[in-house]
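These numbers come from the heavy atoms of this one structure, side chains and all, not from hydrogens, waters or symmetry mates.
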Amino acid sequence: MDSDKLDALRQRFAGDNERTIHDAGFAAVAAKLFDPKGTRVAPYAGLPTLLDMPYRAIDWSAPELAGLDVALIGVPMDLGVTNRNGSRFGPRAMRAMERVGPYNHVLKTMPGADLRIADIGDVPFRSRFDLATSHADIERTIAAIVEAGVTPLSVGGDHSITLPILRAIGGDRPVGMIHIDAHCDTSGPFDGCKFHHGGPFRQAVLDGVLDSERCIQIGIRGSSEYLWEFSFESGMTVIHAEEIPAMGIDAVIAKARAVAGDGPVYVSFDIDSLDPAFAPGTGTPEIGGLTTREAQAILRGLAGIDMVGGDVVEVAPQYDATTNTAHAGAQMLFELLSLAPFTPGRR
């Protein structure tokens, strides 16, 4: 290295300037994280919460959500699974993940500082055994959040939880949806029940809370295509995983934005959209899926949509020896949260 350049670097970054961050944007981020001594809370210290956001205890008999922009909430329920259960442990596993956020270097946002966010605990379930009662509890809880003017970001739990969430969010008008998954989840009844995790979006359309023509499903693959004719018949846009390499991520993002349009849109992320190489801890793994980088790029490309809610579902940590799946799930939750500051009217 040129000696003059080295001397200049020493003057700028050594001695009294060792802790100085000269870039104004980076300095603003650091100022929100570090105390005057240059110390920040250790990522492994304290009580675990979703994305290390502050915890707010809620009395659900008289919920008080004033002052919040976004509520992170666990939905530990997997009574609707068709294969391996265990996603009821997803919220707890994702709360245990450290070093996710707080700064999104692509979107240049620090949502925990830009917005008022809290982990408000879990949906209060009346029964751990009854699927219909659990769905009613989810709908009632999310409705209270929405009525308070707060955006809910939910952590499942199996994908059947999204039906009652959509009923709460889309009750006054149907919403669009950007759905990233290995499966379309628009099948009919299994074993005499239509409320399982393989069919929530068929029911949401039929309930009038989901606008199928403003719904796009990304990453679809596997051997169950014969179950999903409802997606095509109802006007949903389906992008199979096999199409993505030829399309390119930018084209996938452009299509998602075009389909969702300017109206209110819900974003649902099933962890099995990722290839099992990245996320083995799920109930219905399908090879040939998205990489974590591709999934992050798609979510980041949605900045500016009118996101009225979202979820990350199907993390089942007991099938995950390395915690990679919970880590990926927490990161995708952070990507969803990073979209919130860009929601129209929020900036």
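Between the side chain of Ser234 and the backbone N or O of Phe230 there is at least one donor-acceptor pair closer than 3.5 Å. Listed for the Thr282 side chain is no donor-acceptor partner under 3.5 Å among the backbone atoms of Pro285. Proximity of a side-chain donor or acceptor of His197 to a complementary backbone N or O of Asp185 within less than 3.5 Å is not detected. Side-chain atoms of Ser87 do not come within 3.5 Å of backbone N or O of Asp78 as any donor-acceptor pair. Formation of a donor-acceptor pair under 3.5 Å by the Asp2 side chain with backbone atoms of Lys5 is found in this model. No donor-acceptor distance shorter than 3.5 angstrom exists from the side chain of Glu147 to the backbone of Ala144, with no hydrogens or angles considered. A donor-acceptor contact shorter than 3.5 Å is absent between the side chain of Arg88 and the backbone of Gly157.
Taking the side chain as every heavy atom from C-beta outward, Pro276 and Glu286 never approach each other to under 4.5 Å. Proximity of Arg40 to Asp35: side-chain heavy atoms (C-beta onward) are nowhere separated by under 4.5 Å.
For Arg126, the CZ atom sits in a packed shell: over 12 heavy atoms of surrounding residues, nucleotides or ligands are nearer than 6.0 Å. Within a 6.0 Å radius of CZ in Phe190, other residues, nucleotides and ligands contribute more than 12 heavy atoms. Crowding of Arg92 atom CZ: a count of heavy atoms from other residues, nucleotides or ligands under 6.0 Å not exceeding 12. A 6.0 Å sphere centred on CZ of Arg99 holds no more than 12 heavy atoms belonging to other residues, nucleotides or ligands. No more than 12 heavy atoms of other residues, nucleotides or ligands shown are found within 6.0 angstrom of CD on Glu229. Atom CD1 of Ile287 is surrounded by 12 or fewer heavy atoms from other residues, nucleotides or ligands within 6.0 Å. Atom CG of Leu6 has more than 12 neighbouring heavy atoms from other residues, nucleotides or ligands inside a 6.0 Å radius. Under a cut-off of 6.0 angstrom, the local environment of CZ in Arg128 is sparse, with at most 12 non-hydrogen atoms contributed by other residues, nucleotides or ligands.
Atom-to-atom distance recorded for Gln331:CD and Leu51:CG is 8.5 Å, nearest 0.5 angstrom. The CD1 atom of Ile120 sits 11.5 Å away from atom CD of Glu64, with the distance rounded to the nearest 0.5 Å. Atom CZ in Arg300 sits 12.5 Å away from atom CD1 in Ile249 (nearest 0.5 Å). Of the inter-residue distances, the one linking Arg56 atom CZ with Leu68 atom CG reads 4.0 Å to the nearest 0.5 angstrom. Here OG of Ser268 is found 9.5 Å from CD of Glu314. Values are rounded to the nearest 0.5 Å. A distance of 8.5 Å separates CD1 in Ile218 from CG in Leu290, rounded to the nearest 0.5 Å.
In summary, the side chains of Thr109 and Asp114 do present a donor paired with an acceptor at a separation below 3.5 Å, with no hydrogens or angles considered. Defined by atom type and a distance below 3.5 Å, a donor-acceptor pair is missing between the side-chain atoms of Asn83 and Thr284. Inspection of the Ser154 and Asp311 side chains reveals no N or O donor paired with an N or O acceptor under 3.5 Å. No side-chain N or O of Asp181 forms a donor-acceptor pair with one of Gln217 less than 3.5 Å apart. For the 3.5 Å distance criterion, the side chains of Asp130 and Ser127 fail to qualify, holding no donor opposite an acceptor. Between Asp320 and Thr325, the side chains place a donor N or O and an acceptor N or O closer than 3.5 Å (distance only, hydrogens not considered).
Annotation: ring-ring contact (aromatic ring centres under 6.0 Å, His included) contacts involving residues 21-68, sequence neighbours excluded, comprise Phe13-His22. Residue pairs that meet the ring-ring contact (aromatic ring centres under 6.0 Å, His included) test with at least one member in residues 117-136, sequence neighbours left out, do not exist here.
Shown here for Pro36 and Arg19, the closest heavy-atom pair between the two residues is O-NH2, 2.8 Å. Looking at every heavy atom in both residues, Leu274 comes nearest to Ala295 through CD2-CB, 3.7 Å.
Tyr319 and Phe89 are not part of a single hydrophobic cluster, where members link through side-chain heavy atoms under 4.5 Å apart. Cluster annotation: Tyr103 and Val70 are assigned to distinct hydrophobic clusters (Ile/Leu/Val/Met/Phe/Trp/Tyr, side-chain heavy-atom contacts under 4.5 Å, transitive). Ile58 and Ile138 fall within a single hydrophobic cluster, where Ile, Leu, Val, Met, Phe, Trp and Tyr side chains are chained together by heavy-atom contacts under 4.5 Å. In the hydrophobic clustering of ILVMFWY residues, with side-chain heavy atoms under 4.5 Å counting as a link, Ile220 and Leu299 come out apart. Both Leu131 and Ile161 belong to a common hydrophobic cluster when Ile, Leu, Val, Met, Phe, Trp and Tyr are linked at side-chain heavy-atom distances under 4.5 angstrom.
A salt bridge links Arg167 to Asp207: one of the charged nitrogens lies within less than 4.0 Å of a carboxylate oxygen. Contact check on Asp122 versus Arg95 returns a salt bridge, with a Lys/Arg side-chain nitrogen under 4.0 Å from an Asp/Glu carboxylate oxygen.
Between Trp228 and His183, the ring planes lie perpendicular to each other; the angle is over 60°, past the 30° to 60° tilted range. Ring planes of Phe201 and His159: perpendicular class, angle over 60° (limits at 30 and 60°).
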* Go through the steps for Val123 and Met77 under the test side-chain contact (heavy atoms from CB on, under 4.5 Å), then give the verdict. => CA-CA 9 Å; Val123 169; Met77 193 283 298; over 6 Å; no
